[in-house]
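Everything below concerns the one structure shown next.
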Amino acid sequence: MDTLKEKILKIVQNSISGTDFLLIETNIRGDQRKRIIEVFVDSAKNISADDLAGLSRNINEVLSEDEEIGNYRLDVSTPGVDRPLKFIEQYPKNINRNFELEYYFGDEVRKLRAKLIAVNGNELIFNDDKNEFLINHNQIIKAKVLISFS
């Protein structure tokens with residue numbers, strides 16, 4: 001099963017290669033009778049339903065040619081707002097949004113609720129209305145965008 005998962009992951013990665021998509025996660029469940037393949041992608045820009053449909057068609061075209069994969073359902077989507085950001089490329093489109101962060105400050109783990117002000121390389125600048133915080137992306141343990149309805 002591991003070689004099959006590796007094969008599916010390679011197909012997904014090859015389908016995304018050369019695009020603006022960033023592979024966040026791939027989940028594979030089930031067996032040959034009914035396999036579920038979930039692909040979560042993001043991008044530095046906003047992703048439309050048409051973008052996801054096109055990517056889904058591209059992945060599906062290659063998957064369907066491989067008999068070893070068997071019957072499957074392919075779900076291609078974005079991670080959704082409830083999932084933490086993983087890659088620095090996900091941050092620029094979230095400038096001026098509020099975040100809930102957990103990050104390393106030396107040997108200490110700190111929490112912060114603040115607005116993302118800027119992204120400079122791997123450095124993220126947050127402001128909590130009192131102070132600015134410069135946090136390197138590799139210090140972040142968990143970063144979630146907070147949804148605002150105002």
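Along the sequence shown, residues carry numbers from 1.
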State the [atom1]-[atom2] distance between [X] and [Y], to the nearest 0.5 angstrom.
X	Y	atom1	atom2	result
Leu146	Leu101	CG	CG	8.5 Å
Leu85	Asp42	CG	CG	7.5 Å
Ser15	Asn58	OG	CG	6.0 Å
Ile11	Ile16	CD1	CD1	12.0 Å
Leu4	Ile28	CG	CD1	7.0 Å

Between the main-chain N or O of [Y] and the side-chain N or O of [X], is there a donor-acceptor pair closer than 3.5 Å?
X	Y	result
Asn120	Glu123	no
Ser43	Phe21	no
Asn94	Gln90	yes

Looking at every heavy atom in both [X] and [Y], which two are closest together, and how far apart are they?
X	Y	answer
Pro79	Val41	CD-O, 3.2 Å
Tyr91	Leu116	O-CD2, 3.5 Å
Val119	Gly121	CG1-O, 3.8 Å

Contacts of [X] that satisfy side chain to side chain contact (heavy atoms under 4.5 Å, CB included) - sequence neighbours left out:
X	result
Thr78	Ile47, Leu52
Leu9	Gln13, Leu23, Thr26
Ser56	Leu74, Val76

| query | Is any side-chain heavy atom of Phe133 less than 4.5 Å from a side-chain heavy atom of Ile125? | reply | no

| query | Mind checking whether Ile95 and Ile88 sit in one hydrophobic cluster, side chains of I, L, V, M, F, W, Y counted as touching below 4.5 Å? | reply | yes

Which pairs of donor and acceptor atoms, one on a side chain in residues 105-112, lie under 3.5 Å apart (sequence neighbours left out)?
| from | atom 1 | to | atom 2 | distance (Å) |
| --- | --- | --- | --- | --- |
| Glu108 | OE2 | Arg110 | NE | 3.1 |

| query | Can you name the ring-ring contact (aromatic ring centres under 6.0 Å, His included) partners of Phe126, sequence neighbours left out? | reply | Phe99

| query | Under the salt bridge (charged side-chain N to carboxylate O under 4.0 Å, His left out) test, which residues partner Glu100, sequence neighbours left out? | reply | Arg113

| Partner residues of Arg97 under the salt bridge (charged side-chain N to carboxylate O under 4.0 Å, His left out) criterion, sequence neighbours left out | none

| Derivation of the side-chain contact (heavy atoms from CB on, under 4.5 Å) call for Asp129 and Asn127 | CA-CA 6 Å; Asp129 292 331; Asn127 186 309; 4.3 Å; yes

| said: Please determine whether a side-chain nitrogen of the Lys or Arg among Arg33 and Asp31 lies less than 4.0 Å from a carboxylate oxygen of the Asp or Glu. | reply: yes

| said: Please list all pairs meeting side chain to side chain donor-acceptor pair (under 3.5 Å) that have one or both residues in residues 134-144, counting only residues at least two apart or in different chains. | reply: none

Any pair with a residue in [range] that passes salt bridge (Lys or Arg N to Asp or Glu O under 4.0 Å), sequence neighbours left out, goes on the list, sorted by first then second residue, please.
range	result
residues 72-88	Glu25-Arg83, Arg73-Asp75
residues 55-72	Lys7-Asp66, Lys7-Glu68
residues 43-53	none

| task | Please report the C-alpha distance between Leu63 and Tyr72 in whole Å, then the side-chain angles of each, then the deciding distance to 0.1 Å, and finally whether the side-chain contact (heavy atoms from CB on, under 4.5 Å) criterion is met. | result | CA-CA 9 Å; Leu63 287 174; Tyr72 65 90; 3.5 Å; yes

| query | When clusters are formed from ILVMFWY side-chain contacts under 4.5 Å, directly or step by step, what else is grouped with Phe87? | reply | Leu22, Ile24, Phe40

